[in-house]
Novice: 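Quick one: structure below, then a few questions.
All of these numbers come straight from a predicted model, not from anything done at the bench. For ligands, and for the atoms within them, numbers begin at 1 and follow the listed sequence.
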Amino acid sequence: MELIDLRFQGREGVIASAVMGGPRGLVIVDPGPTSCLPALEAGLAGIGGALADVRTILLTHIHLDHAGATGTILARVPAARAFVHERGAPHLVDPSKLLASATRLYGDRMDVLWGRFDAAPADRVTALVGGERLDVAGRPVRVAYTPGHAVHHVSYLDESDGTAYVGDTCGIRTAGDYTIAATPPPDIDVELWQASLGHIEAWQPAALFLTHFGPAGAARAHLAHYREVLTRTADAVARSLAVGDTDEARAAVFVAHMRAEARQVLSEREAVALELAAPFEQIWAGLARYWRKKAPAA
Ligand SMILES: [Zn+2]
């Protein structure tokens, strides 16, 4: 497996694609947004490949930082096809609702951040439910349904080397193993998420590959640590809902705390890259929405 740093917004260590070679062409896990397509192509060239060699795109989920370039790649590479959970597939084929929802988060920065999001042809998208055993360009790959971060999130286990491609299910890990929860609106569900971590643990993966950012070798230790991070972050947001006058004020206190905590471990540059991968306001907003859905009176 090769890691390609997509150099999101010109920064290293924010979004990683994984590329695997097989007897029948290249496999890309999460090709990233269209704004990063030049970096993806440069990365493929660096390992002796090219976009035209891609036969399979495995999507963990359809958020723009993971899947934005899918339709563009399918248009340019007629022999390629994409795999995605059945609840994500309709939005790849008709992204209008997905883009409307993302525009509520990113406003007029949509284009600068992500670039275009071309629709994928329905006949080149394979919908997954979880539990599949795929032959992906000659490699044996298992699929698990891993909701929590998104209702349509899946993870993949490459059985040839034991690497689990977990998208955002195992959080966002940066320099020094510093890990935070990836909890943007609107789908966050902490109970489902903990169960999804159980599915990944049951695979007993040799290694994890996180989109943000890259391999976590000590898979068991990372999974156990991430369970704690998720619980702790969810609890912090729950407590914040009980105080303060406005959501802006509650979010601001949470964000200030996150920023200070990150800078105890990370350099300024690393902390900024981390917040590009997961804006801290969104971590608060996704968990606030989750708690209010659970207990509407709160
Ligand atoms: Zn995501």
Novice: Quick check on the 6.0 Å ring-centre criterion: do His85 and His153 meet it?
Specialist: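 No, too far apart.
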Novice: Give a yes or no on whether a salt bridge exists between Arg173 and Asp177, defined as a side-chain N under 4.0 angstrom from a carboxylate O.
Specialist: yes
Novice: Does Lys294 come within less than 4.0 Å of Glu191, counting only side-chain N to carboxylate O?
Specialist: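 Answer for the salt bridge query: yes.
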Novice: Counting the benzene-type ring for Trp, do His91 and His152 have ring centres under 6.0 Å apart?
Specialist: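 Judged by ring-centre distance (under 6.0 Å), His91 and His152 do not meet the cut-off.
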Novice: Test of geometry: compute the angle OD2(Asp168)-the Zn ion (ligand 1)-NE2(His149) and round it to 10°.
Specialist: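 An angle of 80° at the metal.
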Novice: Taking the N/O/S atoms of His63 one by one, which is nearest to the Zn ion (ligand 1)?
Specialist: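 Within His63, restricted to N, O or S, the Zn ion (ligand 1) is closest to atom ND1.
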Novice: Closer than 2.8 Å to the Zn ion (ligand 1): does that hold for any N, O or S atom in His153?
Specialist: no
